[in-house]
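Report on one structure; see the data block that follows.
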Amino acid sequence: MKNSGQEMLASAQTLIRETGKRIGLTESVINQLIAPDLILEFSLPFTKGDGTVEVYQGYRVQHNKLRGPYKGGIRFHPGVSREEVLALATLMTIKSAVVGIPMGGGKGGLRIDPHSWTQESLKQISKLYAAKLAPFMGEDLDVPAPDMNTNAMIMGWMLDAYELVKQKKEPAAFTGKSIARGGSLGRTSATGYGGVIALEELIKRSQGHKQSPLTIAIQGFGNVGYYFAEAAARNGHLIVAISDSKGGLYTGEAVNRLPTEPVGLDIPFVFQCKEKHRGIGLCDNQKGMMITNEELLQLPVDVLVPAAMENVIHAGNMSNIHAPIIIEMANGPITEEARRYLTDKGVIIVPDVLANAGGVIVSYLEWVQGKQGYWWTEEEVAEKLATIMKQAFSNVWDRASDHKIDLKTAAFEQALLRLADAI
Ligand code: NAD
């Protein structure tokens with residue numbers, strides 16, 4: 001049986017191969033677009049506080065730079081594998097090309113569980129990782145960003161180590177940094193806000209689906225889930241369910257209320273309460289009910305937003321999914337088998353390579369600002385994000401409508417045509 005990294009890699013490569021054939025790319029071009037440029041696999045011996053030395057496994061995959069420097073996050077997670085990093089790097093190549101930014105695809109990973117680390121140890125291992133990769137990085141070569149369990153502080157530490165090796169200032173070599181270290185305003189919220197822009201574009205165009213306000217269930221209440229929920233609620237939609245790793249809240253069956261009168265959660269309240277109590281169980285301002293993550297996925301809502309983990313919608317639960325619209329905010333939350341099944345049933349799926357591209361778009365804007373040494377206001381960044389997202393959505397939607405194909409296939413076609421043009 002394949003592990004989740006192998007499954008994600010097989011799905012991405014199959015889609016590229018099938019889509020490439022349909023749009024008339026030759027076998028040779030398809031092979032060039034699938035093969036990674038470089039896979040760096042290395043060990044990091046690390047001396048812990050008690051003097052013992054542990055060896056950790058690190059990766060950086062530089063998948064493709066036909067359209068610009070390799071671009072992609074660095075993930076710290078015990079499940080990191082070669083296949084997972086390669087799959088995510090491949091999807092970054094597609095994502096950058098779908099939204100039309102001059103960036104390629106890359107991804108990095110370190111196999112550790114950062115939750116068990118002290119801040120000082122995390123700083124040391126982050127610097128070691130960056131110093132090891134420094135000869136292969138740079139603003140015009142490979143530009144990392146945060147991913148799962150990495151953040152602006154870690155990017156700052158990595159930039160320090162990188163600049164020490166290179167003996168020069170180069171803020172555009174890493175994105176997702178703090179503002180003090182040359183980050184961009186609007187980066188933190190970019191992925192969630194970008195997803196809501198995609199949702200609004202979809203509502204404008206889709207016929208036969210309920211118009212705004214919509215009921216929305218969101219799996220995941222981290223960076224992506226929070227900002228998606230906050231922006232969607234601000235636009236008047238009702239967030240009727242949201243979850244973290246321990247479970248979720250659902251307001252649809254609140255006491256003294258008919259299920260036909262849905263109400264939304266107060267997202268800033270739930271967030272502050274979750275921070276205080278280290279879980280969202282006590283934070284239901286609507287007196288709804290606690291549900292499991294599996295139950296959340298199966299709710300009868302207008303829009304389902306998986307914004308936490310990969311492969312959460314699969315052969316085992318696909319027939320129980322009731323939402324007519326799914327916005328893929330996590331990377332790879334739907335297995336290929338489930339995607340085909342749901343698409344055949346008429347479910348509209350806005351694919352991850354489009355829906356969650358807000359993060360890489362503002363990373364690109366941060367890179368541009370860092371390279372020119374001139375920073376934009378938050379409004380300017382938000383406006384540029386909206387312009388790029390809307391254009392990308394429009395291109396993918398029109399291609400899907402013209403060719404009577406689903407949005408994921410259309411997004412891959414769009415990306416592969418742009419990449420093939422650059423060979
Ligand atoms: P995060 O670490 O900030 O938040 C993850 C959330 O998922 C948390 O609320 C956590 O409690 C929850 N979670 C963890 N395990 C879970 C489980 N088994 N079931 C349900 N919920 C669970 O991460 P994030 O930055 O919000 O990223 C979420 C997803 O979005 C990932 O797939 C990531 O690759 C993808 N993504 C993130 C960005 C970005 O800019 N942060 C950009 C593109 C894609």
Side-chain angles (χ1 to χ4, degrees), residues 4-5 8 71-80 84-85 87-89 91-92 94-96 98-99 105 107-109 113-115 144-155 175-177 183-184 186-195 198 217-230 241-249 267 270-271 274-275 277-281 283 291-297 304-314 317 327-334 350-366 385 389:
S4 93
M8 222 194 304
K71 185 89 200 79
I74 296 169
R75 154 177 305 204
F76 288 179
H77 195 272
V80 161
E84 181 186 76
V85 181
L88 292 167
L91 291 173
M92 283 306 299
I94 299 291
K95 195 181 296 185
S96 298
V98 169
V99 295
K107 202 80 182 186
D113 181 0
H115 300 296
D147 192 72
M148 219 180 264
N149 295 322
T150 55
N151 54 27
M153 188 166 61
I154 292 178
M155 290 305 109
T175 63
K177 309 177 294 292
S184 175
R187 171 63 184 88
T188 314
S189 55
T191 307
Y193 284 8
I218 303 175
Q219 183 184 57
F221 202 26
N223 173 279
V224 176
Y226 170 74
Y227 285 107
F228 188 101
E230 188 253 312
I242 197 152
S243 67
D244 65 12
S245 57
K246 299 189 195 90
L249 297 173
I267 294 302
V270 178
F271 184 74
K274 169 187 147 72
E275 291 289 286
H277 297 290
R278 298 188 158 273
I280 62 176
C283 305
I291 51 171
T292 64
N293 267 292
E294 198 51 47
E295 286 165 341
L296 181 142
L297 296 172
L304 176 63
V305 183
M309 306 278 298
E310 61 270 6
N311 297 332
V312 291
I313 299 173
H314 46 74
N317 62 7
I327 312 283
E328 286 193 314
M329 292 305 292
N331 282 315
I334 308 179
V350 182
D352 50 3
V353 288
L354 175 62
N356 72 26
V360 75
I361 292 170
V362 177
S363 270
Y364 156 63
L365 298 176
E366 180 178 338
L385 165 65
M389 272 307 288

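We count ligands from 1, going down the list as the structure has it; atoms in each ligand are counted the same way. All values below were derived from every heavy atom in this structure, side-chain atoms included, with hydrogens, water molecules and symmetry-related copies excluded.
- If you look at Glu310 next to ligand 1, there are no close heavy atoms at all, none under 4.0 Å.
- Between Gly225 and ligand 1, no N or O atom pair is found at a separation short of 3.5 Å.
- In this structure, the protein non-hydrogen atom closest to atom 29 (C) of ligand 1 is Ala308 O, 3.4 Å.
- In Asn223, the parts holding a heavy atom less than 4.0 Å from any atom of ligand 1 are both the side chain and the backbone.
- Heavy atoms of His77 found under 4.0 angstrom from ligand 1: none, in either backbone or side chain.
- Residues Lys95 and Asn331 are in side-chain contact: their nearest non-hydrogen atoms beyond the backbone lie under 4.5 Å apart.
- Residue-to-ligand polar distances keep Asn356 apart from ligand 1: every N/O pair is separated by 3.5 Å or more.
- Backbone and side-chain nitrogen or oxygen atoms of Ser245 are examined, and one is located within less than 3.5 angstrom of a nitrogen or oxygen of ligand 1.
- Looking at Val312 against ligand 1, nothing comes within 4.0 Å, counting heavy atoms.
- Only the backbone of Met329 comes within 4.0 Å of ligand 1, counting heavy atoms alone; no side-chain atom from C-beta on gets that close.
- Across the listed options Gly176, Gly194, Gly222, Gly222 owns the non-hydrogen atom lying nearest to atom 1 (P) of ligand 1.
- Checked by atom type, the side-chain pair Thr150/Arg75 shows no donor-acceptor distance below 3.5 Å.
- Polar contact check, Val224 against ligand 1: a nitrogen or oxygen pair lies under 3.5 Å apart.
- Residue contacts with ligand 1 for Pro146 are absent, since no atom lies close enough (heavy atoms, distance under 4.0 Å).
- Of the candidates Thr191, Asp244, Ile242, Thr191 brings a heavy atom nearest to atom 39 (C) of ligand 1.
- For ligand 1, the polar-atom distance check against Asn331 finds a nitrogen or oxygen pair separated by under 3.5 Å.
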